Asks: 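Sharing a structure with you now.
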Amino acid sequence: MRKHLLLILTALLLSVTPAMAGKPFRPFSPEQLARLIEAKGLHPISKANITRLHQRAEETFKQALQAQKRLPGNRRTLLGNPVFAIQDTSLPPRDFLPPLPKEINSQQEITDYYLLRLNQQYIREVDFMENTVLPRLKERLPYLQQRALQFKQPEDPIAYIAQHIPAQVNTLVVSYFHTENFTPVLNYFWQQLRKQRPDQEIIILAEPLRRGYEWMILPPSLAEDGLYYPQRPIPRHLQETFGKTWDEAVRQQMRVIGLETPAVLDYDIELRTLTPEGNEGRTSFWASLEGVEIRNNAWRRMGEEILKKRPGVLIIYCFGDRHGLYNMRTSLTQGMDPYKTFVVDIYPTRYQRPYYTEDNSVTYFEEYTKDPMETLTNTTTYFPQRLVYFPDKKDALAFGCDARLRLNIPKDSHYFLPTSHPLPDSY
C-alpha cells in the first residue's frame with residue numbers, strides 16, 4: 001500500500017525551502033513552518049532525529065546547489081536540479097534500487113540515504129561535464145563545425161546512415177526525441193538496415209516494453225480500433241504509439257524484446273527539486289540521474305548477456321534521447337568499445353512544448369528543438385543541418401553521437417504505413 005509522505009529536509013537546518021506552487025524561493029519562518037507541517041500532515045525532523053546520515057544529506061544538498069550555479073542556464077537542462085524531498089516513499093522492491101546499508105532501518109534513514117545519492121549523482125555529473133565533456137568539446141568543436149559545414153547532404157539520409165554503420169559494430173543505439181512519433185522514420189530505417197545486413201541476426205531492445213516481453217504480430221481481426229490489442233499486456237497508448245514500428249521490425253526478421261524493469265513501469269516515485277530561480281520542480285525518480293543510471297546499467301547488462309550467447313548478433317537499443325549519448329556520465333554507452341558502438345540521434349525540427357496553467361489546463365507553444373550539442377554549448381552553436389555524421393570517433397565522442405538526424409515530422413505520421421520507397425522531401 002502506498003504511503004504519501006512529503007519529507008522537507010532543508011527547512012529546519014537550512015531555514016530554507018522552496019515555496020509551494022512555484023512561488024519565489026524564500027525562507028520559512030518558524031511560525032509558517034509549523035502551520036505548513038500541521039496543514040500538510042508532515043513529519044517534522046526534530047533534533048533528536050538528526051543523524052550523521054541526515055547531516056550528510058543536508059550538506060550534499062548544499063553542495064549540489066553550489067554546483068548548480070556553476071552551469072550556464074541551458075546546460076542545466078541536461079542534468080535536472082538538486083533534490084530536496086521525496087513525495088512518495090512507497091519505494092519499489094529493493095532488487096531494483098541501489099542496495100541499502102544494513103544499518104539503515106527507519107523510513108527517515110531510507111529517505112536520507114536516497115536523497116544523499118541523488119544529489120551526489122548531480123555533483124558527479126556537473127564535475128564530469130566541467131572536467132571531461134566541456135574540455136573535450138572545446139578541443140573538437142572547430143572540427144565538428146567544419147565537418148558539419150562541409151558535409152554534403154545525401155538525398156536519402158536514412159539510407160545513408162544504414163550504409164555507413166561500420167561492419168564491426170555490434171551495438172547500435174537509436175535514440176529519439178520523446179515528444180514525437182517516429183514510426184515512418186523507424187520503419188524505413190529497419191528496411192534499410194536489413195538491406196545492408198541481409199543475413200545477420202538482429203535483436204531490438206525497446207524501452208517502452210516490459211523486460212523480457214517479445215513483440216509478436218497479431219491478426220488485425222483481434223484489434224480494437226485498428227491499433228490496440230487487448231490481448232497484449234501493454235497499455236493502449238504504447239501500443240498505439242509503437243505498435244506499427246514493432247510490427248515492421250518483426251516483418252524485417254528482427255526480434256523486438258522489452259527492456260524496462262517492472263519497477264519502472266509499476267512504481268512512480270516523485271521527487272521535489274529546486275530550480276536555479278528558487279522554485280519547486282518535480283520529476284520522477286526514474287528520470288533522475290540516479291534512476292537513469294540504474295536503468296541504463298540494467299539495459300547494458302541485458303545486451304552484454306545477449307552478445308555473449310550470440311557473438312554474431314546486432315543489438316539495437318531503441319529508446320528516448322539521452323540514454324545513450326557518449327557525453328553523459330551515466331550513459332548506457334559508457335564503458336562500451338566505441339568502435340563496436342554506433343549512436344544515431346533523431347530529432348524533430350520543431351516541437352510543441354506544453355505549458356501548464358494554474359487551473360491545470362495545458363497550452364502548447366511551438367519551439368525549435370535544440371539537440372544536446374546545441375544545449376551543451378549554451379545555444380552559442382547551432383547545427384541546423386538535416387544530417388550531421390562524424391566518421392572520426394573523436395568527433396563523435398565529443399558531439400555525443402555518430403549521426404544526428406533532424407526531421408520535419410508530419411502530424412499524421414502516426415498513421416503512416418510502411419513502404420519500401422524513400423521518404424518524401426518533407427522529411
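The residues of the chain are indexed from 1 along the displayed sequence. Since the structure is predicted, the reported quantities are computational estimates derived from the model, not experimental observations. No hydrogens, no waters, no symmetry mates; every other heavy atom, side chains included, goes into these values.
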Asks: So R301 and E304, salt bridge (Lys or Arg N to Asp or Glu O under 4.0 Å) or not? Walk me through it.
Replies: CA-CA 5 Å; R301 287 193 295 269; E304 290 171 348; over 6 Å; no
Asks: Ignoring hydrogens, what is the shortest heavy-atom contact between T341 and D402? Give both atom names and the distance.
Replies: O-OD2, 4.0 Å
Asks: Report yes if some heavy atom in the side chain of W215 is under 4.5 Å from a heavy atom in the side chain of V250; otherwise report no.
Replies: yes
Asks: Tell me the closest heavy-atom pair linking S175 and G320, and the distance in Å.
Replies: CB-O, 3.9 Å
Asks: Quick one, L271 with I86, criterion side chain to side chain contact (heavy atoms under 4.5 Å, CB included). Give me CA distance, side-chain angles, the key distance, then yes/no.
Replies: CA-CA 5 Å; L271 306 178; I86 298 176; 3.9 Å; yes
Asks: Does T377 use its side chain to pair, donor to acceptor, with the backbone of E374 at less than 3.5 Å?
Replies: yes
Asks: Does any part of the side chain of I161, heavy atoms only, come nearer than 4.5 Å to the side chain of F189, both counted from C-beta?
Replies: yes
Asks: With sequence neighbours excluded, give me every salt bridge (charged side-chain N to carboxylate O under 4.0 Å, His left out) pair touching residues 213-224.
Replies: E214-R255, E224-R236
Asks: Any sub-3.5 Å donor-acceptor pair from R404's side-chain atoms to Q385's backbone N or O?
Replies: yes
Asks: Could you check Q191 against E248 for side chain to side chain donor-acceptor pair (under 3.5 Å), going step by step and ending with a plain yes or no?
Replies: CA-CA 8 Å; Q191 295 164 9; E248 179 60 21; 3.0 Å; yes
Asks: Let me see the working for T283 and N81 under side chain to side chain contact (heavy atoms under 4.5 Å, CB included), right down to the final yes or no.
Replies: CA-CA 9 Å; T283 189; N81 296 301; over 6 Å; no
Asks: Is the side chain of T60 donor-acceptor paired with the backbone N or O of N119 at a distance under 3.5 Å, no angle test?
Replies: no
Asks: Between F182 and Y347, is the gap from one ring center to the other below 6.0 Å?
Replies: no
Asks: Measuring from atom CG of L307 to atom CG of L314, what distance do you get when rounded to the nearest 0.5 angstrom?
Replies: 9.0 Å
Asks: So, for I204 and C318, which heavy atoms are closest and what is the spacing to 0.1 Å?
Replies: CG2-CB, 4.1 Å
Asks: Do you know which two heavy atoms are closest between Y122 and A64, and how far apart they sit?
Replies: CE2-O, 3.6 Å
Asks: Taking A206's backbone N and O only, do any of them form a donor-acceptor pair with W299's side chain (distance below 3.5 Å, no angle check)?
Replies: no
Asks: Answer yes or no: is there a donor N or O on one side and an acceptor on the other, between the side chain of Q200 and the main chain of G312, under 3.5 Å?
Replies: yes
Asks: Could you tell me whether a side-chain N or O of R232 sits under 3.5 Å from a main-chain N or O of M216, the two making a donor and an acceptor?
Replies: yes
Asks: So, taking the atom named CD in Q192 and the one named CG in N187, what distance separates them when rounded to the nearest 0.5 Å?
Replies: 12.0 Å
Asks: Indicate yes or no: does E270 engage R282 in a salt bridge with an N to O separation below 4.0 Å.
Replies: yes
Asks: Among Y143, Y326, F383, find the one that has a ring-ring contact (aromatic ring centres under 6.0 Å, His included) with F399.
Replies: F383
Asks: Nearest 0.5 Å please: distance from the CG atom of L227 over to the CZ atom of F242.
Replies: 13.5 Å
Asks: Below 4.5 Å, heavy atoms only, C-beta onward: do T171 and Y317 meet side chain to side chain?
Replies: yes
Asks: Within the structure provided, determine whether L205 and F319 are in side-chain contact (heavy-atom separation under 4.5 Å).
Replies: no
Asks: Taking only residues two or more places apart in sequence, or in another chain, which ones meet F128 in a ring pair (Phe, Tyr, Trp, His ring centres under 6.0 Å)?
Replies: none
Asks: When rounded to the nearest 0.5 angstrom, what distance separates CG in L65 from NZ in K69?
Replies: 7.0 Å
Asks: Do T381 and Q145 come close enough that some side-chain heavy atom pair is under 4.5 Å?
Replies: yes
Asks: Should the pair F285 and Y114 be assigned to parallel (<30°), tilted (30 to 60°) or perpendicular (>60°) ring geometry?
Replies: perpendicular
Asks: I'd like to know if the side chain of E280 reaches the main chain of L274, judged simply by a donor and an acceptor atom lying under 3.5 Å from each other, with no hydrogens or angles considered.
Replies: no
Asks: With rounding to the nearest 0.5 angstrom, report the CZ to CG distance, F84 to L118.
Replies: 12.5 Å
Asks: To the nearest 0.5 angstrom, please state how far the CD1 atom of I257 sits from the OH atom of Y213.
Replies: 12.0 Å
Asks: Does anything in residues 123-141 form a salt bridge (charged side-chain N to carboxylate O under 4.0 Å, His left out)? List the pairs, not counting sequence neighbours.
Replies: R70-D127, R70-E130, E125-R329, R140-D392, R140-D395
Asks: Just by modelled atom types, is the Y389 backbone N or O under 3.5 Å from a matching donor or acceptor in the R147 side chain?
Replies: yes
Asks: Which pair of non-hydrogen atoms, one from L397 and one from P338, has the smallest distance, and what is that distance?
Replies: CD2-CB, 4.4 Å
Asks: Counting distance only, does the side-chain N/O of R295 pair as donor-acceptor with the main-chain N or O of E207 below 3.5 Å?
Replies: no
Asks: Could you check if a side-chain atom of Q121 sits within less than 4.5 angstrom of a side-chain atom of E290, using non-hydrogen atoms only?
Replies: yes
Asks: Identify the residue among T330, N296, T333 that makes a side-chain hydrogen bond (donor to acceptor under 3.5 Å, both in side chains) with H323.
Replies: N296
Asks: Can you confirm whether L387 sits close enough to P154 that some side-chain heavy atom of one is under 4.5 Å from a side-chain heavy atom of the other?
Replies: yes
Asks: Might you point out which heavy atoms bring A287 and V292 nearest each other, and give the distance in Å?
Replies: O-CG2, 3.8 Å
Asks: Could you go through the side chain to side chain contact (heavy atoms under 4.5 Å, CB included) check for I346 and V185 one step at a time?
Replies: CA-CA 9 Å; I346 306 175; V185 178; 4.3 Å; yes
Asks: If we ignore hydrogens and angles and just use 3.5 Å, is the side chain of R210 paired with the main-chain N or O of G258 as donor and acceptor?
Replies: no
Asks: Do V174 and I316 touch side chain to side chain, with heavy atoms closer than 4.5 Å?
Replies: yes
Asks: Pair I165, L193 - check side chain to side chain contact (heavy atoms under 4.5 Å, CB included), show working.
Replies: CA-CA 9 Å; I165 298 173; L193 196 60; 4.0 Å; yes
Asks: Which residue in the set M336, K340, R310 passes side chain to side chain contact (heavy atoms under 4.5 Å, CB included) when paired with N170?
Replies: K340
